Protein chains: 2
Amino acid sequence: MAVQANSEPRIPLSRDRVLRAAVAIADSDGLESVTMRRIGEALSAEAMSLYYHVANKNDLFDGIVDVLMAELNESVDRADGEPGDWKAAMRRRILTARQIMLRHPWAPRLLESRTTMRPAVVLYHDRLVGLMRSGGFSYDLAHHALHALGSRALGFSQELFDPSAGAVAQSDRMLADLADQLPNLVGMLSEIAHDDPESTLGWCDDQAEFEFSLDLILDGLDRLK
Amino acid sequence: MAVQANSEPRIPLSRDRVLRAAVAIADSDGLESVTMRRIGEALSAEAMSLYYHVANKNDLFDGIVDVLMAELNESVDRADGEPGDWKAAMRRRILTARQIMLRHPWAPRLLESRTTMRPAVVLYHDRLVGLMRSGGFSYDLAHHALHALGSRALGFSQELFDPSAGAVAQSDRMLADLADQLPNLVGMLSEIAHDDPESTLGWCDDQAEFEFSLDLILDGLDRLK
DNA sequence: CCCCAATTTCTTACGTCGTAAGGCTGCCTT
DNA sequence: AAGGCAGCCTTACGACGTAAGAAATTGGGG
């Protein structure tokens with residue numbers, strides 16, 4: 001094509017620019033819109049040019065995780081240093097991490113899809129173990145704790161039911177049809193459904209449920225200490 | 001092409017045959033190998049023929065979930081009826097569900113990817129709520145419990161680190177390099193790593209960790225009852 | 001039996017994706 | 001000045017999901 005006729009002074013590509021463009025696309029249009037050609041377009045370059053800065057799509061996704069986790073670790077470290085016991089410190093750290101995740105709805109799916117461990121993810125968990133150790137945890141219990149928290153340690157929890165608008169509507173109809181087959185859920189939903197009308201955020205569980213579950217686990221660990 | 005010269009008596013396609021073929025492919029070669037052309041090949045048919053029995057790939061995946069959950073609900077119901085309080089009953093149900101998940105390593109990823117609720121998934125959770133209700137839970141606490149359990153209710157928990165062979169080897173090298181930057185994890189792993197050599201199953205956390213976390217949550221709920 | 005209509009399957013084709021292979025260009029060094 | 005190499009581009013291939021419509025099969029009524 002050899003466009004570029006417009007005499008813009010061509011900013012050179014770089015891994016960082018590629019990754020940031022990818023994050024921007026994911027933020028605005030979702031992870032499935034993050035495509036080589038689309039990133040190229042955003043950078044006024046050709047898709048194949050990206051391969052000079054990124055080995056392949058897997059490496060690209062790893063890089064996106066790195067960018068995300070850099071932002072997350074920075075925020076989390078900033079929220080650090082305030083007083084409190086291990087439980088308060090972990091709670092603060094995790095809820096701060098959650099803020100970042102809420103800014104990037106694609107992040108949970110991406111993190112779960114990665115098979116290679118990224119240093120920044122490991123580093124985040126190292127700090128969590130540190131907090132637990134200084135709170136009197138044995139290594140063994142801290143290890144159990146990481147498993148028990150799972151993705152909640154990073155501020156999210158995958159929800160099997162997505163209570164977003166469409167899904168709820170569909171499920172309402174279904175529950176009406178199968179009301180007699182699902183007595184317990186029907187009862188539960190009729191009692192709960194309309195109490196917190198708009199606290200859910202689509203992809204994620206709502207904040208109150210997250211905090212409830214987090215505290216349940218932290219308190220449980222406290223008792224085993 | 002019009003092969004089929006071989007006068008095999010052509011078994012007609014059906015939604016069920018398509019779905020079962022898809023499950024078989026996922027079991028043997030992974031979810032990413034479940035492709036329209038591949039399913040067709042397995043059934044000696046063309047890819048486009050599948051569309052008469054399945055609306056599109058999304059519908060196909062929904063159908064796979066249905067097949068999976070049918071197997072799961074059947075197993076879970078069979079394990080039912082034995083004595084015990086709500087906690088023992090839920091434990092048994094969930095660990096039975098886990099058995100099915102271990103047979104289908106692709107199931108967690110698939111379930112997390114579905115945005116529409118499938119009836120069989122809802123039904124499974126209805127029974128869980130029923131167990132909790134008969135154990136003295138309020139609807140509100142049962143609701144919290146479902147959130148707290150998350151995917152663990154179905155017998156799995158997504159692990160951020162995949163402790164499979166390759167990843168561990170890579171991480172070992174990384175931990176050696178960054179040992180001073182990750183003091184807590186290095187300490188933890190050196191104490192724990194070689195105690196349970198082969199209890200991990202690759203995609204999933206190992207059984208002991210799962211049960212620890214499950215009991216942590218169930219005990220925590222018990223205390224809130 | 002044959003014929004017709006409905007059901008089921010196949011053919012062809014399009015647009016999208018990731019990326020292999022290799023060509024062009026301009027700066028940096030000697 | 002010449003050569004080299006870093007950076008970017010062109011072209012092309014083989015997957016993928018699936019739209020559109022043609023072909024083949026099947027079952028039922030003369």
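All figures in this text were calculated on a predicted structure; none of them were measured in a lab. Order of the sequence lines sets the chain letters (A, B, ...), proteins ahead of strands, with each chain counted from 1.
Against DNA chain C, the stretch residues 49-66 of chain B makes heavy-atom approaches under 4.0 Å through B:Ser49, B:Tyr52, B:His53.
In this structure, CG on A:Leu214 lies 7.5 Å from CZ on A:Arg152, to the nearest 0.5 angstrom. Between atom NE2 of residue A:His53 and atom CZ of residue A:Arg17 there is a gap of 9.0 Å, rounded to the nearest 0.5 Å. Distance CD/A:Gln158 to CG/B:Leu111: 10.5 Å, rounded to 0.5 Å.
Ring geometry for B:His147 against B:His143 counts as perpendicular: the plane angle is over 60°, on a 0 to 90° scale with 30° as the lower cut.
Atom CD of B:Glu32 and atom P of D:dG17 are 12 Å apart (whole Å). Atom CZ of A:Arg37 is separated from atom P of D:dA12 by 14 Å (rounded to the nearest Å). Rounded to a whole Å, the CG atom of A:Leu31 is 11 Å from the P atom of C:dG18. Separating the CD1 atom of B:Ile11 from the P atom of C:dT8 is a distance of 16 Å, rounded to the nearest angstrom. Between A:Met36 atom CE and C:dG18 atom P there is a gap of 6 Å when expressed in whole angstrom units. Remark: P of D:dT25 and CD of B:Glu46 are 14 Å apart, rounded to the nearest angstrom. Rounded to an integer number of Å, the gap from CD of A:Glu41 to P of D:dC8 is 18 Å. Summarising the geometry, the separation between CE on B:Met48 and P on C:dT7 is reported as 19 Å, rounded to the nearest angstrom.
In this structure, the side-chain hydrogen bond (donor to acceptor under 3.5 Å, both in side chains) partners of A:Arg91, at least two apart in sequence or on a different chain, are A:Glu211, A:Asp215.
Applying the 4.0 Å criterion to OP1 and OP2 of C:dG18, one finds that A:Thr35 has a side-chain N or O inside that range.
Using modelled atom types, one side-chain atom of A:Ser190 and one backbone atom of A:Gly187 make a donor-acceptor pair closer than 3.5 Å.
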